[in-house]
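Note sheet for the following structure.
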Amino acid sequence: DAKTTQPTSMDCAEGRAANLPCNHSTISGNEYVYWYRQIHSQGPQYIIHGLKNNETNEMASLIITEDRKSSTLILPHATLRDTAVYYCIVRVVGETSGSRLTFGEGTQLTVNP
Amino acid sequence: DGGITQSPKYLFRKEGQNVTLSCEQNLNHDAMYWYRQDPGQGLRLIYYSQIVNDFQKGDIAEGYSVSREKKESFPLTVTSAQKNPTAFYLCASSASSGGGYEQYFGPGTRLTVT
């Protein structure tokens, strides 16, 4: 699976959009981009995933660049409850090796009042 | 409610004892996983199972063992051979082991060995 690079930490004001970047310059054509988040001392929570098109769901939007070497997770109106570590992960499509998720250290997002 | 349960939430053991962590899911998922998390670090894969009666080692399987006798259950045993067992253990499941399926995580078990 391709390696990802994320900033260690970011801050965001409550009510503003939080834009979390992720670099995955070695991504291959059959790898999805996944985002999870982990609130302190809880299990990770799935947010969104995409292959090449931008995706949106009730939690967030995922913007993937045309060359697929980077992506941005957007939380449109951050709240205090969005404070968490956010993980960007790339994973092979159709891989039968258990769909392993390789978690890096992620980005600690702190939403400030 | 559908989901993944792990018990207990906190577990304390003496060094040299084996301990088994429970993971149950009622999502009818085929694949299940065990991860370990140390303070300030990401998750690392211990073992995974794509189907009943089958499992594979992850990145840090030494000192751990698993079984998958039932679809809904995937217990993890931390043996005395595991040199640094104190950690936060997370179980997950997914509908399939193929790509495109998200993993759902349980609340975790925090194991402390003294």
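Here is the naming used below: chain letters follow the sequence lines, and residue numbers restart at 1 for every chain.
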A/Gln38 portion near chain B, given a 4.5 angstrom heavy-atom threshold:
side chain
What about A/Ile63 and A/Ile47, same hydrophobic cluster or not, with Ile/Leu/Val/Met/Phe/Trp/Tyr joined at side-chain heavy-atom distances under 4.5 Å?
no
Distance from B/Glu102 atom CD to A/Arg91 atom CZ, nearest 0.5 Å?
8.5 Å
Pairs of heavy atoms under 4.5 Å with chain B: top-ranked of A/Ser41, A/Gly43, A/Pro44
A/Pro44
Heavy-atom neighbours of A/Ile39 CD1 exceed 12 at 6.0 Å:
yes
Tell me, side chain or backbone of B/Arg44 under 4.5 Å from chain A's heavy atoms, or both, or neither?
neither
Side-chain heavy atoms nearer than 4.5 Å, only ILVMFWY residues, links allowed to pass through others: does that put B/Val66 and B/Tyr89 together?
yes
Which bit of B/Gln6 comes within less than 4.5 Å of chain A, counting heavy atoms only: side chain, backbone, both or neither?
neither
For the residue pair B/Leu43 and A/Phe103, what are the closest heavy atoms and their distance?
N-CB, 3.4 Å
Do B/Tyr104 and B/Leu21 share a hydrophobic cluster, counting only Ile, Leu, Val, Met, Phe, Trp and Tyr and linking them when any side-chain heavy atoms are less than 4.5 Å apart?
no
B/Leu45-A/Tyr32 co-clustered via ILVMFWY side chain contacts under 4.5 Å
yes
Can you hop from B/Tyr35 to B/Val78 via hydrophobic side chains spaced under 4.5 Å?
no
Might you point out which heavy atoms bring A/Tyr36 and B/Gln103 nearest each other, and give the distance in Å?
OH-N, 2.7 Å
